[in-house]
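Take this structure first; my questions come after.
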Amino acid sequence: MTGNVWLDDTGLVTLPSGPRVRGRRQSDTVSPADFTLLLADGPVPPWPHRHIRWPDFWIPINRADALDALREAHRRARAGERVEVTCSGGIGRTGTALAALAILDGLPSRRAVTWIRANYDHRAVETPWQRLWLRTVH
(Lines give C-alpha, C1' and ligand atoms only; values in the text may rest on other atoms or scores of the structure.)
Protein backbone atom coordinates (compact mmCIF):
# COMPACT_ATOMS: atom_id res chain seq x y z
CA MET A 1 0.00 0.00 0.00
CA THR A 2 1.28 3.43 -0.95
CA GLY A 3 -0.92 5.85 0.95
CA ASN A 4 -2.95 6.86 -2.14
CA VAL A 5 -0.04 8.76 -3.70
CA TRP A 6 -0.28 8.64 -7.48
CA LEU A 7 2.67 9.28 -9.80
CA ASP A 8 0.47 11.36 -12.13
CA ASP A 9 -2.94 13.03 -12.10
CA THR A 10 -4.37 11.50 -15.27
CA GLY A 11 -7.97 10.38 -14.74
CA LEU A 12 -7.97 11.01 -11.00
CA VAL A 13 -11.25 11.73 -9.25
CA THR A 14 -11.49 12.81 -5.63
CA LEU A 15 -14.50 11.16 -4.00
CA PRO A 16 -16.69 13.33 -1.73
CA SER A 17 -14.94 12.22 1.49
CA GLY A 18 -11.43 12.59 0.05
CA PRO A 19 -10.08 9.31 -1.38
CA ARG A 20 -8.73 9.61 -4.91
CA VAL A 21 -9.47 6.96 -7.54
CA ARG A 22 -8.42 6.75 -11.16
CA GLY A 23 -10.56 6.09 -14.21
CA ARG A 24 -8.97 5.11 -17.52
CA ARG A 25 -9.06 3.05 -20.70
CA GLN A 26 -7.53 -0.40 -20.27
CA SER A 27 -5.05 0.28 -23.06
CA ASP A 28 -3.61 3.43 -21.44
CA THR A 29 -0.01 3.30 -20.27
CA VAL A 30 -0.16 4.40 -16.65
CA SER A 31 1.67 4.46 -13.35
CA PRO A 32 0.93 1.48 -11.08
CA ALA A 33 -2.18 1.12 -8.95
CA ASP A 34 -2.72 -1.11 -5.93
CA PHE A 35 -6.06 -2.48 -7.15
CA THR A 36 -8.01 -2.36 -10.41
CA LEU A 37 -11.66 -2.98 -11.23
CA LEU A 38 -11.74 -4.34 -14.78
CA LEU A 39 -15.05 -3.69 -16.52
CA ALA A 40 -14.12 -5.17 -19.90
CA ASP A 41 -12.15 -8.06 -21.30
CA GLY A 42 -8.63 -7.16 -22.34
CA PRO A 43 -5.23 -6.54 -20.82
CA VAL A 44 -4.97 -7.20 -17.10
CA PRO A 45 -2.56 -5.31 -14.87
CA PRO A 46 0.24 -7.06 -12.98
CA TRP A 47 -1.19 -5.83 -9.65
CA PRO A 48 -4.30 -7.15 -7.81
CA HIS A 49 -7.53 -6.76 -9.77
CA ARG A 50 -11.11 -7.91 -9.99
CA HIS A 51 -13.21 -8.36 -13.12
CA ILE A 52 -16.88 -7.35 -13.34
CA ARG A 53 -18.85 -8.76 -16.27
CA TRP A 54 -20.24 -5.54 -17.73
CA PRO A 55 -21.17 -5.34 -21.44
CA ASP A 56 -20.30 -2.14 -23.30
CA PHE A 57 -23.09 0.49 -23.15
CA TRP A 58 -25.01 -1.60 -20.63
CA ILE A 59 -25.05 -2.46 -16.90
CA PRO A 60 -23.31 -5.24 -14.95
CA ILE A 61 -24.50 -8.80 -15.68
CA ASN A 62 -24.58 -9.65 -11.95
CA ARG A 63 -25.70 -6.75 -9.76
CA ALA A 64 -24.67 -8.38 -6.48
CA ASP A 65 -21.17 -9.21 -7.73
CA ALA A 66 -20.74 -5.71 -9.16
CA LEU A 67 -21.81 -4.05 -5.92
CA ASP A 68 -19.53 -6.34 -3.92
CA ALA A 69 -16.58 -5.43 -6.17
CA LEU A 70 -17.42 -1.71 -5.99
CA ARG A 71 -17.66 -1.90 -2.19
CA GLU A 72 -14.27 -3.64 -2.09
CA ALA A 73 -12.77 -0.92 -4.29
CA HIS A 74 -14.31 1.77 -2.07
CA ARG A 75 -12.96 0.13 1.11
CA ARG A 76 -9.50 -0.10 -0.44
CA ALA A 77 -9.55 3.55 -1.56
CA ARG A 78 -10.67 4.70 1.90
CA ALA A 79 -7.84 2.62 3.40
CA GLY A 80 -5.35 4.59 1.31
CA GLU A 81 -4.78 2.23 -1.61
CA ARG A 82 -4.47 3.51 -5.17
CA VAL A 83 -7.66 2.16 -6.77
CA GLU A 84 -8.53 2.44 -10.43
CA VAL A 85 -11.48 1.56 -12.66
CA THR A 86 -11.00 0.63 -16.32
CA CYS A 87 -12.97 -0.34 -19.41
CA SER A 88 -12.34 -0.22 -23.15
CA GLY A 89 -13.08 3.47 -23.65
CA GLY A 90 -12.79 4.71 -20.07
CA ILE A 91 -16.06 6.68 -20.25
CA GLY A 92 -19.37 4.80 -20.03
CA ARG A 93 -18.77 1.82 -17.78
CA THR A 94 -15.83 3.49 -16.04
CA GLY A 95 -17.80 6.70 -15.47
CA THR A 96 -20.77 4.73 -14.17
CA ALA A 97 -18.55 2.76 -11.76
CA LEU A 98 -16.83 5.96 -10.56
CA ALA A 99 -20.27 7.52 -9.98
CA ALA A 100 -21.23 4.39 -8.01
CA LEU A 101 -18.09 4.80 -5.88
CA ALA A 102 -19.12 8.39 -5.17
CA ILE A 103 -22.57 7.15 -4.10
CA LEU A 104 -20.96 4.57 -1.81
CA ASP A 105 -18.87 7.46 -0.47
CA GLY A 106 -22.01 9.40 0.51
CA LEU A 107 -23.11 11.30 -2.61
CA PRO A 108 -26.91 11.12 -3.14
CA SER A 109 -27.62 8.91 -6.17
CA ARG A 110 -29.77 11.60 -7.79
CA ARG A 111 -26.63 13.79 -8.06
CA ALA A 112 -24.24 11.08 -9.28
CA VAL A 113 -24.41 11.63 -13.05
CA THR A 114 -23.99 15.40 -12.84
CA TRP A 115 -21.20 15.00 -10.29
CA ILE A 116 -19.16 12.47 -12.28
CA ARG A 117 -19.55 14.46 -15.49
CA ALA A 118 -18.21 17.55 -13.70
CA ASN A 119 -15.39 15.71 -11.92
CA TYR A 120 -14.26 13.08 -14.45
CA ASP A 121 -15.54 13.32 -18.03
CA HIS A 122 -18.51 15.23 -19.44
CA ARG A 123 -19.49 12.11 -21.43
CA ALA A 124 -19.45 9.74 -18.42
CA VAL A 125 -22.48 7.47 -17.89
CA GLU A 126 -23.44 7.08 -21.54
CA THR A 127 -26.83 5.35 -21.52
CA PRO A 128 -30.23 5.65 -19.83
CA TRP A 129 -29.76 2.12 -18.38
CA GLN A 130 -26.51 3.19 -16.71
CA ARG A 131 -28.25 6.25 -15.21
CA LEU A 132 -31.11 4.05 -13.94
CA TRP A 133 -28.69 1.45 -12.55
CA LEU A 134 -27.00 4.11 -10.40
CA ARG A 135 -30.31 4.54 -8.54
CA THR A 136 -29.91 0.96 -7.26
CA VAL A 137 -26.48 1.59 -5.71
CA HIS A 138 -26.39 1.90 -1.92
Side-chain angles (χ1 to χ4, degrees):
M1 187 170 69
T2 61
N4 211 339
V5 176
W6 293 88
L7 301 179
D8 58 62
D9 287 338
T10 305
L12 288 183
V13 174
T14 302
L15 297 177
S17 74
R20 298 175 83 197
V21 295
R22 175 170 66 195
R24 68 175 179 93
R25 293 181 308 214
Q26 279 176 294
S27 61
D28 290 344
T29 302
V30 294
S31 61
D34 298 312
F35 181 75
T36 300
L37 280 183
L38 300 167
L39 310 179
D41 294 331
V44 296
W47 49 80
H49 56 275
R50 186 160 168 186
H51 184 262
I52 299 173
R53 292 180 51 228
W54 193 327
D56 203 7
F57 298 106
W58 201 243
I59 60 174
I61 298 292
N62 183 318
R63 180 181 179 275
D65 180 59
L67 290 175
D68 185 63
L70 287 160
R71 288 184 186 112
E72 178 182 357
H74 183 248
R75 277 191 305 274
R76 287 173 173 263
R78 288 190 48 92
E81 291 185 43
R82 295 173 303 187
V83 171
E84 67 176 3
V85 180
T86 72
C87 70
S88 299
I91 297 170
R93 290 172 283 182
T94 294
T96 303
L98 290 171
L101 289 174
I103 293 167
L104 293 174
D105 201 56
L107 184 74
S109 62
R110 70 184 181 285
R111 294 184 44 216
V113 174
T114 302
W115 186 89
I116 199 59
R117 288 180 175 169
N119 289 281
Y120 176 64
D121 189 294
H122 70 279
R123 301 165 294 170
V125 189
E126 294 175 308
T127 69
W129 345 111
Q130 292 169 340
R131 286 191 292 278
L132 288 170
W133 186 81
L134 286 169
R135 294 182 190 171
T136 72
V137 175
H138 47 77

For the atom pair CG (Leu107) and CG (Leu101), what is the distance rounded to the nearest 0.5 Å?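 Between Leu107 CG and Leu101 CG, I get 11.5 Å after rounding to 0.5 Å.
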
For Arg117 versus Arg123, what's the shortest heavy-atom pair and its separation?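 Heavy-atom minimum between the residues: NE-C, 4.5 Å.
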
Gln26 side chain to Ala40 main-chain N or O, any donor-acceptor pair under 3.5 Å?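 Present.
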
Do the non-hydrogen side-chain atoms of Glu126 and Ile91 ever get within less than 4.5 Å of each other?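 Yes, their side chains come closer than 4.5 Å.
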
Distance check, rounded to the nearest 0.5 Å: Leu37 atom CG versus Thr86 atom OG1?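 One finds 8.0 Å between CG of Leu37 and OG1 of Thr86.
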
Looking at Glu84, Arg53, His51, Arg93, which one forms a side-chain contact (heavy atoms from CB on, under 4.5 Å) with Leu38?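 By the side-chain contact (heavy atoms from CB on, under 4.5 Å) criterion, Leu38 pairs with just one of Glu84, Arg53, His51, Arg93: His51.
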
List the atom of Gly18, the atom of Thr14, and the distance in Å for their closest heavy-atom pair.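 Closest heavy-atom pair between Gly18 and Thr14: O-CG2, 3.5 Å.
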
Value rounded to 0.5 Å, distance of CG in Leu15 from CG in Leu98: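 The CG atom of Leu98 is 8.0 Å from CG of Leu15, to the nearest 0.5 Å.
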
Apply side chain to side chain donor-acceptor pair (under 3.5 Å) to residues Arg78 and Ser17 and explain how you reach the verdict. CA-CA 9 Å; Arg78 288 190 48 92; Ser17 74; 2.8 Å; yes

Please give me the minimum heavy-atom distance between Leu67 and Thr136, naming the atom from each residue.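 Residues Leu67 and Thr136, closest heavy atoms: CD1-O, 4.4 Å.
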
Closest heavy-atom contact between Ala97 and Leu70?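 In this case the closest contact between Ala97 and Leu70 is O-CD2, 3.8 Å.
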
Decide side-chain contact (heavy atoms from CB on, under 4.5 Å) for Ser109 and Leu134; before the verdict, give the C-alpha distance in whole Å, the side-chain angles of both, and the deciding distance to 0.1 Å. CA-CA 6 Å; Ser109 62; Leu134 286 169; 5.5 Å; no

Give a yes or no answer on whether the side chain of Thr94 reaches the backbone of Cys87 with a donor-acceptor pair at less than 3.5 Å.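 Present.
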
State whether the side chain of Asn119 and the backbone N or O of Val13 hold a donor-acceptor pair below 3.5 Å, judged by distance alone.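 Not confirmed, Asn119 side chain does not pair with Val13 backbone.
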
Could you give the distance from CZ (Arg82) to CH2 (Trp47), rounded to the nearest 0.5 Å?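 Atom-to-atom, Arg82:CZ and Trp47:CH2 are 8.0 Å apart.
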
Please determine which of Thr96, Ile59, Val113 meets the side-chain contact (heavy atoms from CB on, under 4.5 Å) test together with Arg131.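 Considering Thr96, Ile59, Val113, a side-chain contact (heavy atoms from CB on, under 4.5 Å) with Arg131 is found only for Val113.
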
Please report the shortest heavy-atom distance between Arg22 and Asp8, naming the atom on each side.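 Closest pair (atom of Arg22, atom of Asp8, distance): NH1-OD1, 4.2 Å.
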
Trp54 side chain vs Trp58 backbone, donor-acceptor pair below 3.5 Å: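 Yes.
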
If every non-hydrogen atom of Pro16 is compared with every non-hydrogen atom of Trp115, which pair is closest and at what distance?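 Heavy atoms only, the tightest pair is CD-CZ2, 4.0 Å.
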
